[in-house]
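Every value quoted in this text rests on a predicted model; they were computed, and no experiment measured them.
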Amino acid sequence: MRVTRDIDSAEECAQDAFAVALSRWSTEGVPDRPGAWLTTVARRRALDVVRREAGLRRRLPLLVDAPLSAAGVEAPPEVDDDVIEDDRLRLICTCCHPALAPEAQVALTLRLLCGLTTAEVARAFLVSESTMAARITRAKQKIAVAGIPYRVPTAGELPERVAAVLDVVHLLFTTGHTAPAGQSLSRRDLAERAIDLARMLHALLPDNADVAGLFALLLLTDARRETRVGADGRLLLLEEQDRHRWDRSSIDEGVALVRVALRRRPPGRYALQAAIAAVHCEAPTWTDTDWREIVALYDILVDVWPSPVVALNRAVAIGMRDGPAAGLDALRPLEAEPQLSSYAYLPASRADFLRRLGRLAEASSAYEEALARTDNEVEREFLRARLRSLSP
Amino acid sequence: MLIYGDEAAIAKGGDELESQIMKGHMAFAESNGEKLRGGHALQSVSTATTVRSGADGALTVTDGPFAETKEALGGFYMVEAADLDEAIAIAKQVPAPHGAIEVRPVRVFD
């Protein structure tokens, strides 16, 4: 089956690049831009495969090139790279086909396009590894057996597929922004790849408010990348970050995109999230943060996108606006949410409100609970430091 | 393509709805003739008989469909399509005013 073969070879290219990276970096150190390096390696591998399969070298319609160069985005330097760009687009469109379950679409893309391990994808989805492995296997079987085509959708079909693709890009960025496991807080390669994909989609569909919203959200979140971890490797809260080191050009680009994205009624979920990020980015200091505006945006967001994680963020914002006791009240109904039962931010938020109320014994058991729910070393160290600060 | 529909709702539509559905199928056959490999409309589930094998392997014969559902299988088309997108495009043309079309690939044994 042609589809199966192509999908598997794309998977191999991503896998190979990461495997080569790991062995090379352990002897020579991590390059300045691991993301770019990985992409290059994956491209070279993919090109080897492409050369073996002459059929794949056929140029696809110029769906990508024309809008990209029109928007002033650097065009791929070689014909071969061009083929790979198209290849990535049609792979993501196959992975995000509406005939696949939404969870399978995202999982497949993370696995096949980005080379995440099944365990990492499972953690990003808050499900067990075996559940995720079964989900991915089922999705690959459906692609092969049902004959889901492996091609770039026509310009007419593309907008329909956008919502699913955006969810994929968003989760990819979140996974890169806070890696679910390991020593380092973020995996720049994943976050950078997500931003590249968002930029490419925005160039393809400049009038799509959801694309603009997501692209803005990624830029505004990524603008804080240099300040999220201290010199000692410690996690820095928004409150502690040096706002002078936030990336002004990313913020300006993101804020301009938010304005465009919010023009649509009702605003989309990414536009609202981007608007919240913009409120943070535009506050000169932590104490200047406009929590009333942020809670108001969350109120709309919970309607547009009723997710327990959004409800958790809204509860935290209420605590910032009305004080820790109000925050605890807002968190309480979320404790029964099955989807949050392995989510570290829930007990961590509860712990923080309890600490600020001086209920130290309860705070420390909540921090312990949060520790049990994350494998990210930087996050764990943050939680341990908080725990230490509670002891007399 | 398995065509499911709510028989009660279709019956309520009377002769007018029935002739409209018939016209729909004629138009469908007309524009997809070369893709069509077969198909039939089925009589109502009130005519169905179910032969079921029990736990002891014995066969029982009962009146009615194998499962009582609001929407019942009313007919099927066998269609030749290059991929799922083409099959979906064809399925969208099948008249199913009170129901849905389930698209399933045919299993081929090597």
Side-chain angles (χ1 to χ4, degrees), chain A residues 1-10 53 55-56 58 60-61 63 86-87 89-105 107-109 112 136-165, chain B residues 1-6 21 24-25 27-42 65-67 69-110:
Chain A
M1 192 92 195
R2 164 135 193 276
V3 174
T4 322
R5 203 185 55 220
D6 286 354
I7 294 268
D8 284 342
S9 69
E53 298 182 34
L56 279 181
R58 180 175 49 86
L60 286 155
L63 193 62
D86 279 353
D87 214 39
L89 191 60
R90 72 185 165 135
L91 184 59
I92 204 170
C93 287
T94 302
C95 291
C96 301
H97 196 281
L100 296 170
E103 315 86 64
Q105 295 172 16
L108 214 50
T109 304
L112 300 187
I136 289 171
T137 305
R138 260 199 317 274
K140 281 163 104 177
Q141 278 167 351
K142 169 118 195 219
I143 290 175
V145 176
I148 291 176
Y150 186 46
R151 62 174 173 79
V152 176
T154 62
E157 294 169 323
L158 203 58
E160 240 182 74
R161 304 278 194 90
V162 157
V165 174
Chain B
M1 321 228 147
L2 307 175
I3 307 163
Y4 289 88
D6 181 344
I21 293 173
H25 282 286
F28 173 79
E30 184 94 3
S31 49
N32 295 284
E34 64 199 53
K35 307 275 179 197
L36 271 179
R37 292 292 172 273
H40 279 290
L42 302 177
F66 98 99
T69 51
K70 187 165 164 279
E71 285 157 339
L73 184 65
F76 65 92
Y77 281 117
M78 178 104 131
V79 163
E80 181 88 41
D83 56 38
L84 185 61
D85 282 355
E86 187 184 355
I88 289 171
I90 295 170
K92 283 178 175 169
Q93 304 168 50
V94 176
H98 293 282
I101 310 298
E102 184 175 317
V103 180
R104 294 266 289 269
V106 168
R107 190 166 169 191
V108 181
F109 295 93
D110 301 317

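With values rounded to the nearest 0.5 angstrom, D83(B) atom CG is found 7.5 Å from H97(A) atom NE2. Atoms CD1 and CD1, from I88(B) and I148(A) in turn, are 7.5 Å apart once rounded to the nearest 0.5 Å.
Between A146(A) and P105(B) the shortest heavy-atom distance is CA-CG, 3.7 Å.
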